[in-house]
Amino acid sequence: DFHNKSPIYLQLMAEIKQKILAGIMAPGEKLPSVRDLAMDEGVNPNTAQKALTQLEAEGLIYTNRTSGRFVTEDAALIRTVRQEFARNSTNDYLDRMEEIGYEEQEIPDLVVKIQKERMQQ
């Protein structure tokens with residue numbers, strides 16, 4: 001379910017990265033072939049290849065020439081990337097809250113309130 005705000009390969013890359021960071025794709029898990037990924041996602045194989053190449057450059061996946069691509073087994077790297085993702089997301093959130101006038105001390109109270117509401121649903 002892609003949108004026009006960023007290139008499709010970046011969106012596909014983000015989707016796969018999120019699955020790795022959330023543990024939905026386990027360390028050592030085999031990824032689908034470029035062709036299968038492209039078909040599953042409804043994208044051009046070149047787009048799928050570009051997303052996978054970028055994830056490989058980041059170290060989140062690796063290629064075994066004879067058997068395909070796999071999620072890294074480097075748990076420390078996954079933890080580091082996950083923490084970096086969380087930090088960036090939190091900074092983005094804090095920036096947006098400040099842009100709409102929330103004071104620094106109001107933000108934690110808002111987060112606690114929303115979390116309580118979510119737990120009641």
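Starting from 1, each residue takes its place in the sequence as its number. Every heavy atom of this structure was used, including side-chain atoms; hydrogens, water molecules and symmetry mates were not.
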Side-chain donor-acceptor pairs under 3.5 Å in residues 108-117, sequence neighbours left out?
none

Let me check something: any side-chain donor-acceptor pairs from residues 24-32 under 3.5 Å, sequence neighbours excluded? List them with distances.
{"from": "Glu29", "atom 1": "OE1", "to": "Ala26", "atom 2": "N", "distance (Å)": "2.9"}
{"from": "Lys30", "atom 1": "NZ", "to": "Ser67", "atom 2": "O", "distance (Å)": "3.0"}

Set of side chain to side chain donor-acceptor pair (under 3.5 Å) partners for [X], sequence neighbours left out:
X	answer
Ser89	none
Ser6	none
Thr53	Gln49

Fill in: Tyr102: ring-ring contact (aromatic ring centres under 6.0 Å, His included) partners, not counting sequence neighbours
none

Practice prompt. Applying ring-ring contact (aromatic ring centres under 6.0 Å, His included), name anything that partners Tyr9, two or more places apart in sequence or on another chain.
Written response: none

Worksheet item: In Å, rounded to the nearest 0.5 Å, how long is the span from CE of Met13 to CD1 of Ile61?
Response: 9.5 Å

Are [Y] and [X] connected in a single hydrophobic cluster, I mean Ile/Leu/Val/Met/Phe/Trp/Tyr linked by side-chain heavy atoms less than 4.5 Å apart?
X	Y	answer
Leu52	Tyr62	no
Leu77	Ile16	yes
Leu60	Phe70	no

By the salt bridge (charged side-chain N to carboxylate O under 4.0 Å, His left out) test, which pairs, at least two apart or in different chains, include something from [range]?
range	value
residues 75-85	none
residues 54-74	Lys17-Glu58, Glu56-Arg69
residues 3-12	none
residues 89-100	none

Worksheet entry | Residues forming a salt bridge (charged side-chain N to carboxylate O under 4.0 Å, His left out) with Lys19, sequence neighbours excluded | Glu15

Worksheet item: Of the non-hydrogen atoms in Leu12 and Leu37, which two are nearest, and what is the gap between them?
Response: CD2-CD2, 4.2 Å

